[in-house]
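First the structure, in the form of structure tokens, and then the observations on it.
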Amino acid sequence: ELHVVESGGGLVHPGESLRLSCSATGVDFDDYAIGWFRQAPGKEREAVSCFSARIDTTYYTDSVKGRFTITSDNAKNTVYLQMHSLKPEDTAVYYCAAIFGPGWTTTCRPSMWTPGTWGQGTQVTVSS
């Protein structure tokens, strides 16, 4: 059974860093793409980053390029989202999703990933 669980959220000050974890049970990273998405209050869910180990492809939304990095630890079946230089506008609930097929990396949009397996989310708050 597929299952993804996010962790690592919290309250940080602007400019600080945070690392989110996505523990994916029943997911072979060679067969699945992993995505991070976020939803701020009153806004639509948006893509942050999508990753495929099989085709070695990573997508980042423009607003996080150069600040966020997605990595994976196959031995732990975990994908990480390292976030640096956090801004108040990064405040959101962050969701991890797994979807079968490496090609989904090229369509890193929440609406396209609806058939995937989603976690419950972890809150990230950036505030002074």
Side-chain angles (χ1 to χ4, degrees):
E1 182 179 352
L2 303 181
H3 194 54
V4 295
V5 178
E6 306 92 338
S7 62
L11 171 63
V12 296
H13 298 301
E16 294 185 341
S17 300
L18 205 58
R19 189 179 76 164
L20 305 182
S21 299
C22 172
S23 177
T25 303
V27 173
D28 185 333
F29 289 161
D30 281 340
D31 295 329
Y32 284 77
I34 304 295
W36 283 99
F37 303 84
R38 66 186 180 186
Q39 188 165 18
K43 294 188 177 181
E44 293 187 354
R45 192 170 296 188
E46 64 173 352
V48 176
S49 178
C50 292
F51 162 78
S52 167
R54 164 78 64 91
I55 60 175
D56 193 22
T57 300
T58 305
Y59 162 88
Y60 295 100
T61 194
D62 286 345
S63 62
V64 307
K65 284 181 181 177
R67 300 189 298 122
F68 292 11
T69 303
I70 192 170
T71 59
S72 67
D73 185 334
N74 288 3
K76 296 183 178 180
N77 249 51
T78 299
V79 173
Y80 303 98
L81 184 68
Q82 179 68 56
M83 306 184 293
H84 295 297
S85 303
L86 283 162
K87 305 175 181 179
E89 50 264 43
D90 294 317
T91 295
V93 177
Y94 283 70
Y95 298 90
C96 176
I99 191 166
F100 185 82
W104 287 100
T105 307
T106 61
T107 54
C108 190
R109 297 193 296 273
S111 60
M112 299 299 291
W113 282 54
T114 299
T117 299
W118 290 74
Q120 293 301 307
T122 185
Q123 176 71 47
V124 172
T125 303
V126 185
S127 175
S128 55

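Predicted, not measured: the structure shown is a model, and the values here were computed from it.
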Heavy-atom pair of closest approach, residues Gly101 and Ala33: O-CB, 3.6 Å

Non-neighbouring partners of Thr125 that pass side chain to side chain donor-acceptor pair (under 3.5 Å), sequence neighbours left out: Gln123

Under the side chain to side chain donor-acceptor pair (under 3.5 Å) test, residues paired with Arg54 that sit two or more places apart: Asp31

Side-chain cluster (under 4.5 Å, hydrophobic types only) that Val5 belongs to, other residues: none

From His3 atom NE2 to Asn77 atom CG, the distance as rounded to the nearest 0.5 Å: 12.5 Å

Minimal non-hydrogen separation, Thr105 against Cys50, with atom names: CG2-O, 3.5 Å

Listed partners of Thr71 passing side-chain contact (heavy atoms from CB on, under 4.5 Å), at least two apart: Thr69, Tyr80

Nearest-0.5 Å distance, SG of residue Cys96 to CD of residue Gln120: 12.0 Å

Which residues share a side chain to side chain donor-acceptor pair (under 3.5 Å) with Asp28, sequence neighbours left out: none

Fellow cluster residues of Phe68, listed by chain then number, with links counted only when side-chain atoms sit under 4.5 Å apart: Leu2, Val12, Leu18, Leu20, Val27, Phe29, Tyr32, Ile34, Trp36, Val48, Phe51, Tyr60, Val64, Ile70, Val79, Leu81, Met83, Leu86, Tyr94, Phe100, Val124, Val126

Residues which pass ring pair (Phe, Tyr, Trp, His ring centres under 6.0 Å) with Tyr95, listed by chain and number, not counting sequence neighbours: none

Where Ala98 and Val4 come nearest, the two heavy atoms and their spacing: CB-CG1, 4.1 Å

Check: Thr122 main-chain N/O paired with Glu6 side-chain donor or acceptor under 3.5 Å: no

Any side-chain donor near an acceptor of the partner, Ser17 and His84, under 3.5 Å: yes

Listed once per pair and sorted, the salt bridge (charged side-chain N to carboxylate O under 4.0 Å, His left out) pairs that draw on residues 69-87, sequence neighbours left out: none

Inter- and intrachain pairs under side-chain hydrogen bond (donor to acceptor under 3.5 Å, both in side chains), touching residues 40-53, at least two apart: Arg38-Glu46, Gln39-Arg45

Pairwise salt bridge (charged side-chain N to carboxylate O under 4.0 Å, His left out) hits with a residue in residues 102-116, at least two apart: none

side-chain contact (heavy atoms from CB on, under 4.5 Å) partners of Ala97, counting only residues at least two apart: Phe37, Trp113, Trp118

side-chain contact (heavy atoms from CB on, under 4.5 Å) involving Ser23 - partner list, sequence neighbours excluded: Thr78

